[in-house]
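Inspection log for the structure reproduced underneath, given as structure tokens.
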Amino acid sequence: MCFARPQDVADQQPFYARSFEPMPSAAALAMLGRQLFLDPALSASGKIACATCHDPQHDFGPANTRAVQRGGADGRSFGVRAVPSLKYTQNTPPFTEHFVDDDGDDSVDQGPAGGRTWDGRASSFHDQARLPLFSSFEMANTGSDAVVAKVQAGHAGQFRAVFGAKVFDDKALAFKGVLMALEAYQQSPADFYPYSSKYDAYLRHEAALSARELHGLAVFNDPEKGNCARCHPSAKIKGAFPQFTDFGFAAIGAPRNLTIPANTDRRYFDLGLCGPLRVDLKDRHEYCGLFRTPSLRNVARRPVFLHNGVFHSLSEVVRFYAERDTKPQKWYPRAADGRTLKFDDLPPAYVANVDAQAPFDRRAGDVPAISPRDIEDIVVFLRTLSDGYSHP
């Protein structure tokens, strides 16, 4: 299976260098970016907009329950990963292999962190915006000139009003304008990071959590139980509301999802940081199986979960965390001889990369770190992270 993407024309100067005179306002860029985001004509098929997979009515994630979405030049090619939400990514740092937390022990190298997409290969909003434009199983454009031609056909007036009458004279500069507009739109607070959940109201002392919500939060934070806050911090940091991600990467050993067409080839493995979509770290075997830790904001409204969309309910995900090691037979297939094929979506050579910290610090037959009541109340708490809360 080929995942190569054509290279677009890029400016030689830094992206944020002043390229347009006068420089468009943020509001004008965001308004244009929204129009581009919603327009399916920008795809090779004419049927796939950014909003097709990142639906504004579904927290900028998928609107359906499919593990992977369809796209490509004919609209029939299947993707290989679940579509993440684009909300609450405004503070995502660029990818680094050696993340040091300024708010913790700055002598501790916490390993790879940052970047956008499941494998962190896009370091900025505009890098992330360009990926689907050229992906063979997404919008499938053949190059930046093809994108500019579509923009000129459908948005010439608005584009010239924002960037100047001669913007289309330089195709590379016009494409930069496309990326700038999409980037500006994805930094619109009201749309992408409104902080309007019940938990936000709780942090503002404007709402109280119920007993079950408080218990779920306590288990979520407890390093001996859920230990969820290790990767999904729930507390304010220097007064800033939490993103519910540490921007790091983890291998949790998700079961293989055979509804993804690529997975019918038993030789194919999605290894996250070390490929196949990301190629610069393909020889870093210690990274194989690691995927970005997503924000948990609005997680209760997602239709599919984890990088491969193998789960379809939040309670199922939390039960998997509780029982992955204590009852692996519930989550993984069996071999012909009856053996449980644990971590069946990883080659054996990379099983050592799988997270083994609580609640994954148990063995088969042990009591799980979190009880059935804990699981239920964690889910109840996670529902408080959904935007759009209204005071009773």
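Please read all numbers here as calculations on a predicted model, not as lab measurements. Side-chain atoms are counted along with the backbone in the values below, which use heavy atoms only and exclude waters and symmetry mates.
No side-chain heavy atom of Pro112 sits less than 4.5 Å from a side-chain heavy atom of Leu281. For the pair Val151/Phe159, a side-chain contact is recorded, criterion being any heavy-atom separation below 4.5 Å from C-beta on. The shortest side-chain heavy-atom distance between His232 and Arg297 does not fall under the 4.5 Å cut-off. Residues Leu133 and Phe175 meet the side-chain proximity criterion, which asks for heavy atoms closer than 4.5 Å. Arg266 places a side-chain heavy atom less than 4.5 Å from the side chain of Leu258. When side chains are defined from C-beta on, Glu376 does not count as touching Val380, because their heavy atoms never get closer than 4.5 Å. By the 4.5 Å heavy-atom criterion applied to side chains, Val80 and Phe137 are counted as neighbours. Counting heavy atoms from C-beta outward, Tyr332 and Arg324 have side chains that approach closer than 4.5 Å.
Taking the six-membered ring for Trp, Phe192 and Phe125 have ring centres at least 6.0 Å apart. The ring of Tyr321 has its center closer than 6.0 angstrom to the ring center of Phe360. Annotation: Tyr195 is in aromatic contact with Tyr88 [ring centroid separation under 6.0 Å]. Taking the ring centroids of Phe168 and Phe163, they lie at or beyond the 6.0 Å cut-off. A ring-centre distance under 6.0 Å is not found for Phe60 and His58.
Partner Arg230 forms a salt bridge (charged side-chain N to carboxylate O under 4.0 Å, His left out) with one of Asp355, Asp246, Asp222 and no other, that one being Asp355. Checking each of Arg284, Arg81, Arg292, Arg278 against Asp119 for a salt bridge (charged side-chain N to carboxylate O under 4.0 Å, His left out) leaves exactly one that passes, namely Arg81. Just one residue in the list Gln69, Met139, Arg70, Glu138 forms a side-chain contact (heavy atoms from CB on, under 4.5 Å) with Ile48, and that residue is Met139.
For Glu21 (side chain) and Ser19 (main-chain N/O), no donor-acceptor pair under 3.5 Å exists by modelled atom type. Under the 3.5 Å distance criterion, the side-chain polar atoms of Thr89 are left unmatched by any main-chain donor or acceptor of Thr92. A distance-only check finds a donor-acceptor pair linking the side chain of Thr52 to the backbone of Ala49 [under 3.5 Å].
Side-chain polar atoms of Asp39 and His155 form a donor-acceptor pair below 3.5 angstrom. With no hydrogens or angles considered, a side-chain donor-acceptor pair links Tyr287 and Glu97 at under 3.5 Å.
Using cut-offs of 30° and 60° on the angle between ring planes, the pair Phe220 and Phe244 is perpendicular.
Summarising the geometry of Ala300 relative to Ser386, their closest heavy-atom pair is CB-OG, 4.1 Å, with the distance given to 0.1 Å. Between Asp200 and Ser197, the shortest heavy-atom contact is OD2-OG, 2.8 Å. A pairwise comparison of heavy atoms in Ala174 and Val167 identifies CB-O, 3.7 Å as the closest pair. Considering all non-hydrogen atoms of both residues, Asp345 and Ala254 come closest at CB-O, 3.6 Å.
In the displayed structure, Lys171 atom NZ is contacted under 6.0 Å by more than 12 heavy atoms of other residues, nucleotides or ligands. Within a 6.0 Å radius of CD in Glu224, no more than 12 heavy atoms belonging to other residues, nucleotides or ligands are found. Other residues, nucleotides and ligands contribute more than 12 heavy atoms inside 6.0 Å of the NZ atom of Lys342. Within 6.0 Å of CZ in Arg34 there are 12 or fewer heavy atoms belonging to other residues, nucleotides or ligands.
Ionic pairing of Asp59 and Lys87 is present here: one or more N-O contacts between side-chain nitrogen and carboxylate oxygen are shorter than 4.0 angstrom.
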Candidate pair Arg212 and Asp377, rule salt bridge (charged side-chain N to carboxylate O under 4.0 Å, His left out), full reasoning: CA-CA 6 Å; Arg212 292 189 65 187; Asp377 286 355; 2.7 Å; yes

Before you tell me yes or no, could you show the steps for Arg339 and Asp337 under salt bridge (charged side-chain N to carboxylate O under 4.0 Å, His left out), namely the whole-Å CA-CA distance, both residues' side-chain angles and the distance that decides it to 0.1 Å? CA-CA 6 Å; Arg339 289 179 299 111; Asp337 61 5; 2.8 Å; yes

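Under a cutoff of 6.0 Å and an axis angle of 45°, Arg256 and Phe269 form a cation-pi pair. The cationic atom of Arg121 (NZ for Lys, CZ for Arg) does not lie both less than 6.0 Å from the six-membered ring centre of Phe95 and within 45° of the ring axis.
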